[in-house]
Chemist: 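Structure incoming, see below.
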Amino acid sequence: MGKTAAETVKIVEVGPRDGLQSEPYTIPTSIKVELINRLADAGLKIIETTSFVSDRAIPQLSDAEAVYAQLDKRDDVQYPALVPNEKGYARARQAGINHIAIFTAASEAFNQHNINCSIEEAMARFYPVVASAQADGVTVRGYVSTVMGCPYQGKVPISDVVRVAESLYEAGCYEISLGDTIGVGTAKQAQALIRAIAESIPIDKLAVHFHDTYGQALANIYACLDLGIRTIDSSVAGLGGCPYARGATGNVATEDVVYMLNGMGLATGIDLHALAQTGRWIAAELGRPASRAGSAILKRHQ
Ligand code: HMG
Ligand code: MG
């Protein structure tokens, strides 16, 4: 890979939200808070903290207000949260949130299961949210889900992903995160997607958010880095999944991504050893295995 592009990569840590929303039981608030604080100690600068969604939909995150209130908030760290509608926005603002993310899928079927509305209806819900956010100085990130496949409809045409990504970008999202929600994509597919979207949205406004169901996430990220992508969503210890995508495993592990980037000479500002320790700790708390790279790093330093 050539070294002409920027030499830094922005990591958006999504474990506390995307990871913990999928656990079969609700993690105590104190563990969530400790996880986020430890991630900040390890050098993560953007940590997606929770979701202000319906607690009937995602009971695992029903303590959103308490989590945010109890964090050791640092000036140099952003703590964004997911917001699905105006009610969620009002809750998030009441809690003191300054960075939000809105989300819709590129597949109609997934949207119906996930947020109980069509893509068009989702966008209509988001316009007033983005307008309020802009008036309040709150930043808005946009997620497109099911960009490389949908658990209900199967294939998702690239043109559908492009259309939804453009809608979110034109609505005012500063960055569009492309979610392979069920982790089915492969490297050339990922590149075709990025090339198509980059025709209308600058590549530095795009992020990749790959789940690792088939073990393809690192390869897909590498393929996207090659095209100039420099923002990567990942999850400590590879936590995660999606409650509306049965069988989908966690996001790519942050430890694995940082190990790869370090080897490529791309800086993240993250202390990999501290991150690996955090990964091992949260994995043990949840009764899960730690990430591959995280375990290997800690073994080497024993
Ligand atoms: P709905 O049932 O159609 O909404 O749900 P509604 O407006 O009819 O409201 C129903 C009830 O929910 C009402 O309560 C509302 O007050 C309440 P009731 O009057 O019946 O007692 N309600 C809320 N409560 C708290 N906070 C709110 C809120 N909104 C309504 N914000 C809704 C629609 C969108 C709310 C629901 O389906 C929902 O919350 N879904 C969330 C789904 C979710 O969080 N999915 C996971 C995140 S997406 C993801 O993981 C993918 C991603 O990682 C990228 C990738 O991997 O691709 C981002
Ligand atoms: Mg996700």
Side-chain angles (χ1 to χ4, degrees), residues 12-23 48-65 80-95 97 100-107 109-119 121-126 128-129 132 140-152 156 160-161 164-165 168 173 175-185 190 193 206-213 217 220 232-236 238-254:
V12 177
E13 169 61 47
V14 297
R17 191 280 303 172
D18 207 348
L20 301 186
Q21 77 180 9
S22 314
E23 287 300 310
E48 201 170 71
T49 300
T50 187
S51 297
F52 291 87
V53 296
S54 149
D55 53 6
R56 246 180 282 154
I58 309 281
Q60 294 90 333
L61 301 184
S62 59
D63 59 352
E65 281 84 355
L82 252 57
V83 162
N85 53 18
E86 286 183 274
K87 177 160 187 174
Y89 182 74
R91 286 179 57 206
R93 286 300 287 160
Q94 180 73 27
I97 292 278
I100 63 164
I102 57 179
F103 54 105
T104 183
S107 116
F110 189 82
N111 239 35
Q112 289 295 348
H113 283 85
N114 193 33
I115 51 176
N116 199 24
C117 65
S118 68
I119 297 169
E121 285 164 340
M123 289 307 305
R125 282 182 192 171
F126 293 146
V129 170
S132 301
V140 186
R141 191 174 200 239
Y143 277 106
V144 187
S145 291
T146 64
V147 300
M148 293 204 273
C150 167
Y152 308 106
V156 177
D160 289 359
V161 184
V164 175
L168 286 168
C173 294
E175 184 170 279
I176 306 299
S177 177
L178 303 166
D180 183 12
T181 317
I182 54 172
V184 288
L193 183 71
L206 299 177
V208 292
H209 176 111
F210 293 156
H211 288 256
D212 202 25
T213 315
N220 294 347
I232 300 170
D233 297 3
S234 61
S235 168
V236 65
L239 302 179
C242 177
Y244 299 92
R246 199 132 56 99
T249 61
N251 296 79
V252 66
T254 309

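Each ligand, and each atom within it, is numbered from 1 in the order the structure gives. Numbering starts at 1 and runs along the sequence shown.
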Chemist: Measure from the side-chain N and O atoms of Asn111 to the backbone N and O of Ala122, and report whether any donor-acceptor pair falls under 3.5 Å.
Modeler: no

Chemist: Using heavy atoms and a threshold below 4.0 Å, how should the contact between Arg141 and ligand 1 be classified: side chain, backbone, both, or neither?
Modeler: neither

Chemist: Can you list the atoms of ligand 1 that are under 4.0 Å from a heavy atom of His211?
Modeler: 56 (O)

Chemist: Measuring from atom 20 (O) of ligand 1, which candidate in Arg91, Gln21, Arg56 has the nearest non-hydrogen atom?
Modeler: Arg56

Chemist: Report the part of Asp18 in contact with ligand 1, treating N, CA, C, O as backbone and CB onward as side chain, heavy atoms under 4.0 Å; options are side chain, backbone, both, neither.
Modeler: side chain

Chemist: Check this for me - ligand 1, Phe52, N or O atoms closer than 3.5 angstrom, yes or no?
Modeler: yes

Chemist: With backbone taken as N, CA, C and O and side chain as the heavy atoms from C-beta onward, which portion of Asp180 lies under 4.0 Å from ligand 1: side chain, backbone, both, or neither?
Modeler: neither

Chemist: Would you please name every residue forming a side-chain hydrogen bond (donor to acceptor under 3.5 Å, both in side chains) with Thr50, sequence neighbours left out?
Modeler: none

Chemist: Answer with side chain, backbone, both or neither: which part of Pro84 has a heavy atom less than 4.0 angstrom from an atom of ligand 1?
Modeler: side chain

Chemist: Based purely on interatomic distance, does Ser54 place a nitrogen or oxygen under 3.5 Å from a nitrogen or oxygen of ligand 1?
Modeler: yes

Chemist: Just let me know how Asn114 lines up against ligand 1, side chain, backbone, both or neither, with a heavy-atom cut-off below 4.0 Å.
Modeler: both

Chemist: Taking only distance into account, with no hydrogens and no angle test, what donor-acceptor pairs under 3.5 Å do side-chain atoms of residues 51-58 form with protein atoms, sequence neighbours excluded?
Modeler:
residue	atom	partner	partner atom	Å
Ser54	OG	Arg56	N	3.1
Ser54	OG	Ala57	N	3.2

Chemist: Counting only heavy atoms closer than 4.0 Å, does ligand 1 sit against the backbone of Val53, its side chain, both, or neither?
Modeler: both

Chemist: Applying a 4.0 Å heavy-atom criterion (strictly less than), which segment of Arg17 is in contact with ligand 1: side chain, backbone, both, or neither?
Modeler: side chain

Chemist: Heavy-atom distances under 4.0 Å are what count here, so tell me which part of Ser145 touches ligand 1: side chain, backbone, both or neither.
Modeler: both

Chemist: Mind checking whether the Mg ion (ligand 2) has an N, O or S of Asp18 under 2.8 Å?
Modeler: yes

